[in-house]
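None of the values given here were measured: they were computed from a predicted structure. Throughout, protein chains are lettered first and strands after them, A, B, ... in sequence-line order, and every chain is numbered starting at 1. Note: hydrogens, waters and symmetry copies are ignored here, and every other heavy atom, side chains too, is used.
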Amino acid sequence: MKRIPRSFFNRSALDVAPDLLGRLLVGPDGQSMARIVETEAYMQDDPAFHAWGIVDPPTGLVRPSGRGYALFAPPGTSYVYLCYGVHWLLNVVTEPEGRAGCVLIRAAEPTAGLDRMFTRRPSARTERDLCSGPGKLTQAFGISGEHHQIDLCGPSGRPSMHFADDGQTPTEIPSVSSRIGITRAIDRPWRFFYASNPHVSPGVPSDIAAERRRIRRNSGQSKYSG
DNA sequence: ACGAGGATGCTCT
DNA sequence: GAGCATCCTCGTG
């Protein structure tokens with residue numbers, strides 16, 4: 001059981017995201033653990049990225065205001081933010097210094113500390129309800145704003161949130177889709193997941209969701225267009 | 001099964 | 001004031 005080193009995150013988010021599948025997330029309590037089964041990559045040149053547009057094109061300078069500035073932190077730093085005013089979402093910063101990118105941890109299969117997870121997530125009825133979504137996962141682990149911008153690659157010793165490799169070989173090739181729940185850049189295939197794993201989130205990839213909405217809109221219109 | 005709607009707070013290509 | 005990297009509950013089949 002080894003902490004994943006900073007060098008692992010000192011790469012493109014497009015490489016880190018699929019490579020994190022099968023690795024373990026160890027929570028802030030040092031005991032709760034889950035095997036990651038779903039991630040998404042967010043890139044600097046990406047309209048869905050929180051740091052999109054904060055680089056001034058002519059000068060290359062980064063505007064130091066706004067929440068996206070935290071995504072220029074060193075690789076291996078956490079980026080935790082509040083989504084819809086309700087749920088905390090956990091990302092890891094990637095990319096060499098000077099560039100920005102991150103990986104969203106979307107779903108995981110609990111492997112340790114399940115009793116604590118059930119306590120922190122009263123609405124969960126089955127194990128599958130614990131970490132099968134980015135908001136559920138942070139609630140199960142007790143991750144919130146106080147865990148924003150912390151080093152996930154620090155020295156082992158006292159308990160702290162980090163990623164770990166237990167040497168278990170991934171049993172499955174990652175599947176790919178567009179990302180979930182976004183409205184911009186919905187065609188980029190930057191979601192990675194283990195298709196056969198029951199702990200993957202039930203969300204629908206954004207390109208498929210948009211197509212379904214379009215079809216429904218059209219059939220709804222035809223009812224009144226006669 | 002599936003769809004609709006509400007909660008709720010922060011940011012602002 | 002609009003727009004979100006979501007989840008839960010409560011309606012209808």
Side-chain angles (χ1 to χ4, degrees), chain A residues 13-14 16-17 20 36-72 78-94 100-108 117-118 120-126 128-149 176-193 199-220 223:
Chain A
L14 286 177
V16 175
L20 266 180
I36 297 166
V37 299
E38 181 180 350
T39 59
E40 283 175 0
Y42 288 82
M43 303 282 283
Q44 185 162 319
D45 185 19
D46 174 6
F49 187 43
H50 284 173
W52 183 70
I54 76 172
V55 177
D56 187 41
T59 63
L61 258 53
V62 182
R63 290 204 325 270
S65 62
R67 72 179 163 184
Y69 187 60
L71 290 159
F72 283 85
S78 67
Y79 177 84
V80 179
Y81 83 100
L82 191 58
C83 181
Y84 291 100
V86 181
H87 296 104
W88 295 100
L89 267 57
L90 170 67
N91 298 259
V92 206
V93 172
T94 64
C102 68
V103 173
L104 170 67
I105 312 301
R106 280 197 58 91
M117 293 187 186
F118 274 108
R120 288 184 289 238
R121 253 186 76 62
S123 68
R125 303 193 59 81
T126 70
R128 201 195 294 214
D129 300 327
L130 289 175
C131 297
S132 57
K136 301 177 191 175
L137 181 146
T138 55
Q139 192 184 13
F141 275 93
I143 296 167
S144 67
E146 63 187 304
H147 305 105
H148 178 48
Q149 274 200 296
V176 177
S177 80
S178 79
R179 295 168 292 181
I180 291 178
I182 59 172
T183 57
R184 303 185 297 190
I186 64 174
D187 291 325
R188 305 190 189 187
W190 290 352
R191 168 179 176 249
F192 305 91
F193 60 103
H199 296 269
V200 166
S201 78
V204 179
S206 296
D207 56 348
I208 296 174
E211 177 67 5
R212 285 187 190 170
R213 274 196 301 275
R214 194 184 64 79
I215 291 171
R216 177 163 317 164
R217 238 187 353 260
N218 288 346
S219 63
K223 199 203 304 195

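Residues from residues 40-51 of chain A with heavy atoms under 4.0 angstrom of DNA chain C, sorted by number: Y42(A), A48(A), H50(A).
In this structure, H87(A) places its NE2 atom 17 Å from P of dG6(B), rounding to the nearest Å. Between the CG atom of D207(A) and the C1' atom of dA5(C) there is a distance of 15 Å, given to the nearest Å. At whole-Å resolution of the value, CZ in R179(A) and P in dC4(C) are 13 Å apart. The nearest whole Å value for the distance from the CD1 atom in I186(A) to the P atom in dA5(C) is 13 Å. If you measure from atom CG of L90(A) to atom C1' of dT6(C), you get 15 Å, rounded to the nearest angstrom. To the nearest angstrom, C1' of dA5(C) lies 11 Å from CD of E38(A). If you take OH of Y69(A) and C1' of dC10(B), they are 20 Å apart, rounded to a whole angstrom. Distance, W88(A) CH2 to dT8(B) P: 15 Å, rounded to whole Å.
OP1 or OP2 of dC8(C) lies within a sub-4.0 Å distance of a side-chain N or O belonging to R121(A). Remark: R191(A) is not in phosphate contact with dA5(C), judged by side-chain N or O atoms under 4.0 Å from OP1 or OP2.
Looking at T138(A), its side chain does come within 3.5 Å of a backbone N or O of W88(A) through a donor-acceptor pair. Remark: the backbone N or O of F192(A) is not paired with any side-chain donor or acceptor of R106(A) at under 3.5 angstrom. Listed for the H199(A) side chain is no donor-acceptor partner under 3.5 Å among the backbone atoms of S132(A). Side chain of S78(A) to backbone of H147(A): a donor-acceptor contact under 3.5 angstrom is found. Between the side chain of E38(A) and the backbone N or O of F193(A), no donor-acceptor pair lies under 3.5 Å. Between the side chain of R191(A) and the backbone N or O of S178(A) there is no donor-acceptor pair closer than 3.5 Å.
Which of dT13(B), dT6(C), dT8(B) sits closest to the side chain of R63(A) comes down to dT13(B). Proximity note for K136(A) (side chain, C-beta onward) versus dG9(B), dT6(C), dC8(C): the nearest is dC8(C). Checking dT13(B), dT8(B), dA5(C) against every side-chain atom of R184(A), the shortest atom distance belongs to dT13(B). Here dC4(C) is the nucleotide among dC8(C), dT11(B), dC4(C) with the atom lying nearest to any side-chain atom of Y84(A). Closest contact between the side chain of T183(A) and the listed nucleotides dC8(C), dA5(C), dC4(C) involves dC4(C).
Taking the six-membered ring where tryptophan is involved, the planes of H50(A) and Y81(A) are perpendicular, since the angle between them exceeds 60° and thus also 30°.
Here G85(A) lies in heavy-atom contact (under 4.0 Å) with a base.
Where pairing requires Watson-Crick or G-U contacts shorter than 3.5 Å, the helical stems of DNA chain B with at least three consecutive pairs are B:1-7 with C:6-12, B:9-12 with C:1-4.
If you check the side chains of R179(A) and S206(A), you find no donor sitting under 3.5 Å from an acceptor.
Where G53(A) and L82(A) meet DNA chain B, the nucleotide closest to each residue was compared, and L82(A) sits on the side nearer the 5' end.
Among the candidates L90(A), L14(A), V16(A), the single residue satisfying the side-chain contact (heavy atoms from CB on, under 4.5 Å) test with V103(A) is V16(A).
Distance check, rounded to the nearest 0.5 Å: CG of D207(A) to CZ of R212(A) gives 10.5 Å.
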